[in-house]
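In what follows, a single structure is set out as C-alpha cells and then discussed.
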Amino acid sequence: MKKARGWCIAAVVICVICIGIWGIGKATEEYPEIGEAVSYAVNDVDDISLEIDEPSWSPFHGYTIRWKVNTESENTYRFDADGTGFEFLECCIDGKWYRLAYTQDNFPYNSLSFELGKGESLAGSVVQKFEDYGTRLEQGLYRLTLEMTGENGDVHYLAQEFEVE
C-alpha cells in the first residue's frame, strides 16, 4: 500500500511539473506578425548556394535554423548586418512571400560586414527569439533569405525553404 501511495504522489508531482512547464510555454509564446510582401528574385547568382539544416525547435527560443553559404564564384559578395541584419524569415501565403515583422523596434546590434569570395564559405544560424521573430511560427511554408551585395552594388538574395508542421 505504501509503495502504491509513493507512485501516486510521484505521478501527481510529475503532472504538476508538466502543467507548469506547459503554462510557462503558453504564457511566453509570441508569434511574429506578417510584414510586407516581397517580390525579389532569389538564388539568381551562379556558383553560390545556401544550405540549411533541418530547423530545430525549443519552446523558449522558437526555431533555430543553421545555414551555410558556399561559393565558387569569381566575384566577391558582401553580407551587411546594418542593424536589422541580412537574414530574414519569410512565409508563403497563397503563393506569395511575406517578410515576417520583427517583434521589437530597437536593435542593439553593431554594424558588421562579411565578404565572401571564391572557394570560401560563411556559416551562421538564426535563433527565432534572438533575431526578434518571437518564439512561435504558424503551420506553413517558410524560407530563410539572406541579402548580399555584389561588387557592382547589385543586391541579390539567397533563399532556402522549410516547413513548419
Side-chain angles (χ1 to χ4, degrees), residues 21-22 24-73 75-109 111-117 120-165:
I21 291 171
W22 177 82
I24 290 170
K26 291 302 269 182
T28 60
E29 70 184 19
E30 188 175 2
Y31 291 88
E33 292 183 20
I34 304 300
E36 62 188 55
V38 295
S39 60
Y40 41 71
V42 297
N43 303 328
D44 63 346
V45 178
D46 292 331
D47 299 326
I48 189 165
S49 63
L50 171 64
E51 301 170 5
I52 64 171
D53 292 342
E54 184 71 30
S56 60
W57 186 78
S58 158
F60 300 108
H61 298 125
Y63 282 90
T64 298
I65 305 153
R66 288 176 176 70
W67 56 264
K68 184 176 182 181
V69 175
N70 297 304
T71 182
E72 291 301 321
S73 174
N75 298 320
T76 300
Y77 293 93
R78 192 176 66 248
F79 296 82
D80 291 316
D82 61 358
T84 58
F86 60 89
E87 308 159 309
F88 305 102
L89 287 180
E90 300 170 352
C91 69
C92 186
I93 300 173
D94 297 327
K96 189 165 179 76
W97 288 99
Y98 295 85
R99 187 169 286 175
L100 297 181
Y102 296 110
T103 56
Q104 83 172 35
D105 294 330
N106 300 327
F107 295 95
Y109 326 132
S111 293
L112 296 172
S113 183
F114 306 96
E115 288 194 358
L116 193 62
E120 295 179 320
S121 63
L122 177 65
S125 64
V126 172
V127 178
Q128 188 181 353
K129 178 178 181 173
F130 301 135
E131 297 290 331
D132 300 307
Y133 287 116
T135 59
R136 302 288 191 279
L137 294 176
E138 300 286 342
Q139 257 188 323
L141 181 63
Y142 292 84
R143 71 182 180 188
L144 172 67
T145 302
L146 303 182
E147 180 179 282
M148 62 184 188
T149 307
E151 293 170 335
N152 60 1
D154 290 346
V155 176
H156 301 278
Y157 297 91
L158 298 173
Q160 188 66 43
E161 297 177 4
F162 62 96
E163 283 278 334
V164 171
E165 310 252 336

Given Tyr63 and Tyr142, is the side chain to side chain contact (heavy atoms under 4.5 Å, CB included) satisfied, shown in steps? CA-CA 12 Å; Tyr63 282 90; Tyr142 292 84; over 6 Å; no

Derivation of the side chain to side chain contact (heavy atoms under 4.5 Å, CB included) call for Phe79 and Val69: CA-CA 11 Å; Phe79 296 82; Val69 175; 4.2 Å; yes

Using the side chain to side chain contact (heavy atoms under 4.5 Å, CB included) rule, take Ile48 and Met148 through it: C-alpha gap first, then chi angles, then the decisive distance, then the call. CA-CA 11 Å; Ile48 189 165; Met148 62 184 188; 3.8 Å; yes

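Heavy atoms only, all atoms of each residue included: Arg136 and Gln128 are closest at O-NE2, 2.8 Å. In plain terms, the two heavy atoms of Tyr133 and Leu100 that are nearest each other are CE2-O, 3.4 Å. The nearest pair of heavy atoms linking Tyr40 to Arg99 is OH-NH2, 2.8 Å. When all heavy atoms are compared, the tightest approach of Thr71 to Gly117 is CG2-O, 2.6 Å. Taking all atoms of both residues into account, the shortest heavy-atom contact from Trp57 to Pro59 is CH2-CA, 3.4 Å. Residue Ser73 comes nearest to Tyr77 through the heavy atom pair OG-CE1, 3.8 Å, listed as atom of the first residue, atom of the second, then distance.
At least one side-chain heavy atom of Cys91 sits under 4.5 Å from a side-chain heavy atom of Ile34. Residues Glu87 and Ile65 form no side-chain contact, since every pair of their non-hydrogen atoms from C-beta on lies 4.5 Å or further apart. Taking the side chain as every heavy atom from C-beta outward, Thr135 and Ser58 never approach each other to under 4.5 Å. You'll find the side chain of Asp80 stays beyond 4.5 Å of the side chain of Phe86, heavy atoms only. Counting only heavy atoms from C-beta outward, the side chains of Ser56 and Arg66 approach each other to under 4.5 Å.
To the nearest 0.5 Å, the span separating CD on Glu72 from CG on Asn70 amounts to 8.0 Å. Interatomic distance, CG of Leu144 versus CD of Glu90, reported as 8.5 Å (0.5 Å rounding).
No salt bridge links Lys68 with Glu51; every basic N to acidic carboxylate O contact stays at or beyond 4.0 Å.
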Considering only distance and modelled atom types, tabulate donor-acceptor pairs under 3.5 Å from the side chains of residues 149-165, sequence neighbours left out.
{"residue": "Glu151", "atom": "OE2", "partner": "Thr76", "partner atom": "N", "Å": "3.1"}
{"residue": "Glu151", "atom": "OE2", "partner": "Thr76", "partner atom": "OG1", "Å": "3.4"}
{"residue": "Asn152", "atom": "OD1", "partner": "Asp154", "partner atom": "N", "Å": "3.0"}
{"residue": "Asn152", "atom": "ND2", "partner": "Asp154", "partner atom": "OD2", "Å": "3.0"}
{"residue": "His156", "atom": "ND1", "partner": "Asp44", "partner atom": "OD1", "Å": "3.4"}
{"residue": "Tyr157", "atom": "OH", "partner": "Glu147", "partner atom": "OE1", "Å": "3.1"}

